[in-house]
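Each chain gets a letter, A, B and so on, in the order the sequences are listed, and its residues count up from 1.
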Amino acid sequence: MSDTAPDIPAIAERHFDNAAIEAKWQAVWEAEKTWEVANGPDGGPDAAVPQTAADDPPRAYVLEMLPYPSGEPHIGHLKNYAIGDAIAHFKRRHGVTVLHPMGYDAFGLPAENNAIKTGTPPRVATDQSIASFQRAFRSWGISIDWSREFGTHTPEYYRWTQWLFLKLYEQGLAYRKESAVNWCPQDQTVLANEQVVNGHCERCGTAVELRQLEQWQFRITAYADQLLEDLDTIDWPEHVKTQQRNWIGRSTGAEVQFHCAANATDYAVFTTRPDTLFGATFFVMAPEHPDVLRLAAGGPQEQAVRDYVNHVLTESREERGAADKTKTGVPLGTSVRNPVTGEDIPMWVADYVLMEYGTGAVMGVPAHDERDHAFARAYDLPIRRVVASEVDELPYTGDGPLVNSGEFDGLHNRDAYGEIVGWLAREGLGRASTNYRLRDWLLSRQRYWGCPIPIIHCPDCGLMPVPEDRLPVELPEIEEYQPKGQSPLAAATDWVNVACPACGGPARRETDTMDTFVDSSWYFLRYCDATNTERPWARAAVDRWMPVDQYIGGVEHAILHLLYARFFVKAFADMGLVGVREPFQALFTQGMILGPDGHKMSKSKGNVISPAPLVARYGADAARAYILFIGPPDQDAPWNENSLEGVHRFLTRMWRQSEELVAAGHGAGDGGGDFGFTAAGGEPSPDDLALLRKTHWAIDKVTHDLDGRFSFNTAIAALMELVNELYRRPAAAPAVRAFATASAASLVFPFAPHIASEVYERLTGRRVWEEPWPAADPAFLASDAFELVCQVNGKVRARVSAASGADRDVLEALARDALGSHLEGREIVKVVVVPDKLVNIVVR
RNA sequence: GCCGCGGUGAUGGAACGGUAGACAUGGCGGACUCAAAAUCCGCUUCCCGCAAGGGAGUGGGGGUUCGAAUCCCCCCCGCGGUACCA
């Protein structure tokens, strides 16, 4: 350093003023609307001006799942939006126009429960929470296009939720059906599964009853095959696809008719094993099957069956679902005929048969099904083997030739499968069939704080959709949120009583509201055209942005939300409302940040961590970078603040380098920040070269870690290495050090945008987000020498320097030389040479 | 039970068949300071050894391979989901 060098120790003691730097850049982004993107001439409601390729730069839609506003944001939100923002920035820096909007999933149960408890109207509490989220997102410096913001609880939004409901109703995709709900007789209300603890109401402890109500359903099962098959067209984590496939649960088999003489009825069962039909020795119905009580009526079993069914209905789903539970059941006292053997086999009712799956009745094949076997053993029912195997033990669920199966004896069971189905079809006793585990989507909620269902019940005209020009059906203000035997909306009589839109006679509004999953199944479409007052969106606007190129959210939504959104988009595509069949082309599922106790954060456990104090103390940049540094973002990680100090230190060290350079006259004023070291043609010193190499290595490493790999933790570690190298090379030329520091700022921008903007501006006079992503110079990535690892029998015994690209023979000779004493007196069996890496000598 | 994810130093983690432990925290030591904080530098998987060096080591046990944290099989443990897939 020359004698004009600045007072380095004084500067070195300083920390950067994160609050001032964050405020400065946030003000710039706010004032300049930096992250807003236009829909362009084709995106307006009525314009359809085609663009030419030249003025049509690449576009991307980057979206994090919208938050449910309850209280303040927690640390998981910070993680979600830190990931999404990093991805959005990385794409922008590659010249892509990125749509990155924000909204709030504002209807829902917690706000309503809070209202019952405290009297605070859901709207008030929700709006307060939304304000808190807005402040947080701005303080974190998330690059959001605020011009497209909305809450799903606003009439401007839910008007279109209702409109879309009516479209689905028109298509026959919304229908009414009697369905069971959890009912608390004490509180006179429907309970969510979450509110039922061990079969009892979580609030008052009363035993929960099942109640049948007429409710709205969406016919998602109509899309079961497409939902399954189109998984192959999207870039999602394999384990999420697996979960969706299992949830849809397509199984192929046969439907077989069993004739019951007692009431002259054919009962169908679905089976995946028609090949074992000759082994069906009994027949079991689900307790909820409508015919169970009818069949037992008047017989000696009537009372026993009645008691059993009543008992089962009080069991919780979990109790009933435990597979190791002893099988229970009661005979009905009637029988059906096995269609292939002609035998009469006894009918039973048992809780291991589910009404929701298949036909609600099964054939019992105890020799070849584990549950049927356990049941037969418990009640001493006959067991007949029909598939031979080398082992005698039953049940046997594998393959083999058929026995005890009449004309099909000797056929391999896989071949018999088709033969038996064919025979059944010819005889009119069955047919090949596909069954799904997926059930239709029950969307009715007997709640206040949700989107009203736009239907009017007229005693004369029946179900009448609210006419389009009278939408939205606005949620009325009410006083009392505590339900009294019906939806809280039913008490708003002025609102409920309405003239029928067809006949004008007195009619009543539907008082159920919609499941909040309905609101969140189309919000990504609304962002494309968020202020449209004529339609939910203009087709041109969704064509411009959809599908979402990168969707980011918690893995807990792997099934329901993602499946419902896919269903909506497919249904809308079939109506011509959108041009894509999948909403989310790529998905990234983030792991949960667990409480310090290693469990999921929840208010009841008192282990929730708020990001606000971290941001206040260390700054948004350090908090954001730290949460990405903790570990791989798709993995769960218990919260700890171990390394937060280290991340903050790293940002400070980068900033201090820039301060020293600027103070020494190497900032923006120096040649306009054009480092031009190599262009200047100077001969690099060893320090220069080492720092240049490290810089290009970091550019290469960060680029690869971000590009589709989402390995933010290793990218940040690489930047720490670069900054460490800067401290190790104080003698490197200022231009090289300025280049290295500006590169570090440029690369850290997706994780710590404020400090990166500040450092970059000081060194170059330019705005980092307007700069292209840096490119590594291959000349600095290559090296002339490498460390050759010398192994004997796979164990490292020596390391020597070797020339890059050296021949195998050269490397082998080097290794033999280096390993001399380890090879003495041993017979060399084999030599493995991996160029530019290692030599392994196998000896005896 | 079933499905999914995971198990590597004191801690968070790195290593996508080729040097186990990058980076960071914590700890220890040093520099600076009257001192502390801050900052800077060094060491830090475990065991034996003054050292040179050697041995062990990625939940456990097998296997494939010249070579396994990584691939295969069996088992144990933790977390999350769950609706007995007939």
Side-chain angles (χ1 to χ4, degrees), chain A residues 8-9 11-15 193 237-240 242-243 245-251 253 269-273 276 280 284 317-318 320-325 327 350-354 356-359 361-365 368-372 374 435-439 555-556 558-559 589 591-592 594 598-600 626 629-632 634-647 649-650 652-653 656 701 709 711 713-721 724 727-728 730 787-796 798-799 829-834 837-843:
Chain A
I8 289 172
I11 290 168
E13 280 182 26
R14 285 169 54 193
H15 268 242
N193 285 341
E238 208 45 53
H239 69 268
V240 176
T242 302
Q243 283 186 73
R245 285 191 190 103
N246 292 343
W247 189 262
I248 295 165
R250 174 160 67 187
S251 49
V269 302
F270 173 76
T271 177
T272 55
R273 293 294 305 273
T276 64
V284 195
R317 261 177 235 188
E318 274 165 7
R320 195 171 154 184
D324 45 358
K325 173 175 174 281
K327 293 279 179 289
D351 67 355
Y352 80 94
V353 177
L354 304 178
E356 308 88 67
Y357 189 77
T359 63
V362 304
M363 63 181 197
V365 185
H368 304 292
D369 181 276
E370 291 183 8
R371 286 154 309 179
D372 294 343
N435 198 52
Y436 298 89
R437 184 177 169 279
L438 181 70
R439 300 200 292 260
V555 74
E556 65 269 23
I559 299 181
T589 51
M592 263 184 293
L594 304 172
H599 293 279
K600 188 171 168 172
Y626 173 59
F629 183 68
I630 286 182
D634 57 334
Q635 296 293 320
D636 292 349
W639 176 254
N640 72 78
E641 293 180 23
N642 279 352
S643 304
L644 181 53
E645 199 69 60
V647 171
R649 211 169 274 158
F650 150 67
T652 305
R653 280 158 66 85
R656 203 183 303 116
K701 169 84 176 147
R709 224 188 130 199
S711 186
N713 55 331
T714 54
I716 292 167
L719 292 170
M720 288 174 170
E721 286 194 54
N724 290 345
Y727 277 78
R728 253 180 242 125
E787 192 176 58
L788 178 69
V789 172
C790 308
Q791 297 179 327
V792 177
N793 291 346
K795 279 191 195 302
V796 179
R799 296 182 174 95
V829 181
K830 184 172 184 177
V831 177
V832 179
V833 179
V834 183
K837 199 156 264 170
L838 61 76
V839 174
N840 184 18
I841 300 182
V842 185
V843 301

Quickly work out the A:D351 CG to B:A86 P distance and round it to whole Å.
-> 18 Å
For RNA chain B, whose closest nucleotide is more 5', that of A:D372 or that of A:N793?
-> A:N793
Partners meeting ring pair (Phe, Tyr, Trp, His ring centres under 6.0 Å) with A:F650 (sequence neighbours left out) | none
Selected nucleotide, minimal atom distance to A:F629 side chain, candidates B:U39, B:G13, B:C23 = B:C23
Is there a Watson-Crick or G-U wobble partner for B:G4 with both distances under 3.5 Å, and which nucleotide is it?
-> B:C79
Pairing partner of B:A31 (Watson-Crick or G-U wobble, both distances under 3.5 Å) = B:U39
Pairs under 3.5 angstrom, nitrogen or oxygen only, protein versus nucleotides 17-19 of chain B, please.
{"from": "B:U19", "atom 1": "O2", "to": "A:R799", "atom 2": "NE", "distance (Å)": "2.5"}
{"from": "B:U19", "atom 1": "O2", "to": "A:R799", "atom 2": "NH2", "distance (Å)": "3.0"}
{"from": "B:U19", "atom 1": "N3", "to": "A:E787", "atom 2": "OE1", "distance (Å)": "3.3"}

Taking atom P in both B:C16 and B:G6, compute the distance separating them and give it to the nearest angstrom.
-> 15 Å
Contact class for A:E721 (heavy atom, under 4.0 Å): base, sugar-phosphate, or nothing?
-> sugar-phosphate
Taking atom P of B:G78 as reference, at what distance in whole Å does atom CE of A:M592 sit?
-> 17 Å
Assign B:G49 to syn or anti; the rule is syn for a glycosidic angle within 90° of 0 and anti otherwise.
-> anti
Between B:A15, B:C84, B:A14, which nucleotide gets closest to the side-chain atoms of A:L354?
-> B:C84
Short side-chain N/O contact to B:C41 OP1/OP2 from A:N724, under 4.0 Å = no
Under the side chain to side chain donor-acceptor pair (under 3.5 Å) rule, what do A:N724 and A:R653 come out as? Steps first, then yes or no, please.
-> CA-CA 8 Å; A:N724 290 345; A:R653 280 158 66 85; 3.0 Å; yes
For A:D369 and B:C84, give me the distance from atom CG to atom C1', rounded to whole Å.
-> 10 Å
Measure from CZ on A:R728 to C1' on B:C41 and round the result to the nearest Å.
-> 11 Å
Complement of B:A10, any strand, by Watson-Crick or G-U distances under 3.5 angstrom = B:U25
First encountered from the 5' end of RNA chain B, between A:R653 and A:I630 | A:I630
Provide the distance between the two C1' atoms, one in B:U44 and one in B:A22, to the nearest whole Å.
-> 15 Å
Close side-chain approach of A:N793 to A:V843, heavy-atom, < 4.5 Å = yes
Does A:R656 have a side-chain nitrogen or oxygen under 4.0 Å from the phosphate oxygens OP1 or OP2 of B:C40?
-> yes
A:T271 has its side chain closest, among B:A86, B:G13, B:C23, to B:A86
Verify the contact: side-chain N or O of A:R649 to OP1 or OP2 of B:C23, cut-off strictly under 4.0 Å; return yes or no.
-> no
If pairing requires Watson-Crick or G-U wobble contacts with both distances under 3.5 Å, which nucleotide is the partner of B:G57?
-> none
Rounded to whole Å, the CD-C1' distance (A:Q635 to B:G7) equals 11 Å
Watson-Crick or G-U wobble partner for B:C84, using a 3.5 Å limit on both distances?
-> none
Run the salt-bridge test on A:R245 and A:E238 with the 4.0 Å N-O cut-off and return the result as yes or no.
-> yes
Quote, to the nearest angstrom, the C1' distance that separates B:G61 from B:C76.
-> 10 Å
Minimum-distance nucleotide (side-chain atoms of A:S643 versus B:U25, B:G13, B:C23) | B:U25
Rounded to the Å, how far apart are A:R437 CZ and B:C2 P?
-> 15 Å
Taken in chain and number order and not counting sequence neighbours, the residues that satisfy side-chain contact (heavy atoms from CB on, under 4.5 Å) with A:E787 are A:R799
Round to the nearest Å and state the distance from A:R245 atom CZ to B:C2 atom C1'.
-> 18 Å
Atom P, compared across B:G7 and B:G12: separation rounded to whole Å = 11 Å
Which atoms form the tightest heavy-atom contact between A:D636 and A:L594, and what is the distance?
-> CB-CD1, 4.2 Å
Answer yes or no: does a side-chain N or O of A:N713 lie under 4.0 Å from OP1 or OP2 of B:A14?
-> yes
Taking only the side-chain nitrogens and oxygens of A:R371, find out if one of them lies under 4.0 Å from OP1 or OP2 of B:C85.
-> yes
Roughly how far, to the nearest 0.5 Å, is the CG atom of A:D372 from the OH atom of A:Y352?
-> 4.0 Å
Between the CG atom in A:N435 and the OG1 atom in A:T359, the distance rounded to the nearest 0.5 Å is 8.5 Å
Rounded to whole Å, the NZ-C1' distance (A:K795 to B:C66) equals 14 Å
Could you tell me whether the phosphate oxygens of B:C85, OP1 or OP2, come under 4.0 Å of any side-chain nitrogen or oxygen in A:S251?
-> no
Please examine the side chains of A:T589 and A:H239, heavy atoms only from C-beta on, and report whether any two atoms are closer than 4.5 Å.
-> yes
